[in-house]
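Have a look at the structure below before the remarks.
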There are 2 protein chains.
Amino acid sequence: MELPHAYAVTVDLVVLTIRDNRLCALLVERGLPPYRGNWALPGGFVLPDEDLMAAAIRELGEETGITGHLEQIATYGAPDRDPRGRVVTVAYLALMPDQPMPTAASDVSNADWRPVDSLGGLAFDHDRILADGVERARAKLEYTPLAAAFCPPEFTIADLRQVYEVVWGSALDPRNFHRKATSTVGFVEPTGRATDGQRGRPAQLFRRGDAAVLHPPLLRP
Amino acid sequence: MELPHAYAVTVDLVVLTIRDNRLCALLVERGLPPYRGNWALPGGFVLPDEDLMAAAIRELGEETGITGHLEQIATYGAPDRDPRGRVVTVAYLALMPDQPMPTAASDVSNADWRPVDSLGGLAFDHDRILADGVERARAKLEYTPLAAAFCPPEFTIADLRQVYEVVWGSALDPRNFHRKATSTVGFVEPTGRATDGQRGRPAQLFRRGDAAVLHPPLLRP
DNA sequence: ACAAAAGTGTTCCTCATACACCCATGT
DNA sequence: ACATGGGTGTATGAGGAACACTTTTGT
């Protein structure tokens, strides 16, 4: 039997970070048609003999130089989603600590971190993909220790709480959050070190724990 | 820019139902190479100008004659997953009440419902896809009213509890489950009718409620 | 009367929330 | 001393687990 080879396959990345207390996504300004000059999610074609996840890892490295947590969001394949023809895209989610400004890749004219609220008008169906990615990130914080992926290797409980507050867009009680984070096994591991206090009492520093899921979960208000 | 058209795209279906108190998946025996004679998930190529979900709905109709709940599981695209060449498949999950034996489609020699435990040796990477689909179904029962998708239009609380017990593989307390199901808003709606009791007191009949999510969720033990 | 399944009430425990309070630092 | 943020203790309430108990049918 002969296979129909009628599709192009791409990966698109929803890369999230926290800058200036806002949840930001990595976007690129397209340097080629279609949607030339529009902002879009970073991404690109899957190479021959390359797995989907490998393509996502490669693209993430090209755009940010960073290897972080990557997870599939969903796949989008509406027949008219790309004016060039039939393109099916597999979207991946990445979370990372605040990075220096990403360097623009060859096929884009610019790249920047942009707050995910007050966003719209992205190329293709990327508004929808970004929204799905953000919702996935919000949900993952509830039952995994993934919030630490937004933090540097060592962080305080207040740093971690900031992540939740920014991603969820709602304030949390610092006292209850502290108890919850430190008492849930595998969420955070104490390093024994503490910050030099700049304002107030110095805080203990923690590393990310090794739990895959949080028991019990930390639910949105 | 010219697009690389190097991929075939398929949809594969994890269609689950409950028969004889076991969680069963719809499988087909392949009538053509590769994997001729092996059991596999039903599925097929996405047509030109067809959306992915539309392809899944079409395949489900062809295999079962039924339109049910459909939801994307994930996408699988390892370079060697199909010996014929580069095939990327988007997997969908469907849940449905017990059906009469499905009719075999033209390109398969047989079709059957098979219990998902004690399964293995499926064609391609379908063991993995099936496992992911089953895990998704187990998780969805926790926070959505989707268990009713396994039941006929009208069902008793005991029927619904059976669904949970079979899918999760663990016993639940009938009294607590009853209270929980009937008190969670939007989970089930009373019809006013009741079963003719065959053994014991007749049970009230319910319809599926209209809630999208369960508040609070019904967690696995 | 008895078995069997439906459905209710009650107790105990875990955990989320709210908030009073103490601790450790800089100014 | 005071402001600022880190961290602990404790009361209250919602909901889960366990299980005694009542209800309604068939045999």
Side-chain angles (χ1 to χ4, degrees), chain A residues 21 141-143 145 147-148 151 154-166 168 170-207 211 213-221, chain B residues 21 141-143 145 147-148 151 154-166 168 170-207 211 213-221:
Chain A
N21 279 339
L141 291 206
E142 292 193 303
Y143 55 94
C151 297
E154 299 201 350
F155 52 87
T156 68
I157 299 298
D159 293 334
L160 194 62
R161 176 168 49 84
Q162 280 271 88
V163 169
Y164 277 88
E165 294 185 328
V166 167
W168 285 351
S170 54
L172 301 177
D173 185 296
R175 290 81 57 103
N176 292 332
F177 183 87
H178 186 281
R179 189 187 355 256
K180 183 90 189 187
T182 51
S183 68
T184 302
V185 292
F187 195 4
V188 295
E189 303 283 352
T191 65
R193 278 195 294 283
T195 56
D196 306 356
Q198 34 280 43
R199 289 186 306 284
R201 172 176 170 178
Q204 296 300 116
L205 285 168
F206 295 81
R207 259 187 293 282
V213 292
L214 299 182
H215 285 301
L218 217 163
L219 300 175
R220 280 176 269 194
Chain B
N21 280 340
L141 292 205
E142 292 193 304
Y143 56 94
C151 297
E154 299 200 351
F155 52 87
T156 68
I157 299 298
D159 293 335
L160 195 62
R161 177 168 47 85
Q162 279 272 87
V163 169
Y164 278 88
E165 294 185 327
V166 167
W168 285 351
S170 55
L172 301 177
D173 185 294
R175 290 81 55 101
N176 291 334
F177 183 87
H178 186 280
R179 192 193 346 262
K180 182 91 190 190
T182 52
S183 67
T184 302
V185 293
F187 195 4
V188 295
E189 304 282 351
T191 64
R193 279 195 293 284
T195 56
D196 307 356
Q198 32 280 44
R199 291 185 306 282
R201 172 175 171 179
Q204 295 301 116
L205 285 168
F206 294 82
R207 261 187 292 282
V213 292
L214 300 182
H215 285 300
L218 217 164
L219 300 175
R220 281 176 269 193

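What you see is a predicted model; the values in this text were computed from it and never measured. Throughout, protein chains are lettered first and strands after them, A, B, ... in sequence-line order, and every chain is numbered starting at 1.
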Give the intermediate values and the outcome of side-chain contact (heavy atoms from CB on, under 4.5 Å) for residues B/Asn21 and B/Gln162. CA-CA 8 Å; B/Asn21 280 340; B/Gln162 279 272 87; 2.7 Å; yes
Mind calculating the distance between NE2 (B/His215) and P (D/dG16) to the nearest angstrom? 13 Å
Can you find a heavy atom in the side chain of B/Leu218 that is under 4.5 Å from one in the side chain of B/Phe177? yes
Checking A/Glu142 side chain against A/Arg220 main chain: does a donor-acceptor pair fall under 3.5 Å? yes
Can you find a pair of side-chain heavy atoms, one from A/Thr182 and one from A/Phe206, that are under 4.5 Å apart? yes
Strictly distance-based, threshold 3.5 Å: is any side-chain N or O of B/Thr184 a donor or acceptor partner for the main-chain N or O of B/Leu214? no
For a quick check, with a 4.0 angstrom heavy-atom cut-off, what is the B/S/- contact string for nucleotides 17-27 of chain D, read 5' to 3'? BBBBB-BBBS-
First-last contacting nucleotides on DNA chain C - partner chain A, under 4.0 angstrom, heavy atom: C/dA16 to C/dG26
Is there a side-chain contact (heavy atoms from CB on, under 4.5 Å) between A/Val188 and A/Arg207 once you walk through the steps? CA-CA 6 Å; A/Val188 295; A/Arg207 259 187 293 282; over 6 Å; no
Check step by step if side-chain contact (heavy atoms from CB on, under 4.5 Å) holds for B/Trp168 and B/Leu141. CA-CA 9 Å; B/Trp168 285 351; B/Leu141 292 205; 4.0 Å; yes
Could you state the atom-to-atom distance from CZ of A/Phe206 to P of D/dG6 in whole Å? 12 Å
Could you tell me whether the side chain of A/Pro174 reaches within less than 4.5 Å of the side chain of A/Ile157, counting heavy atoms only? no
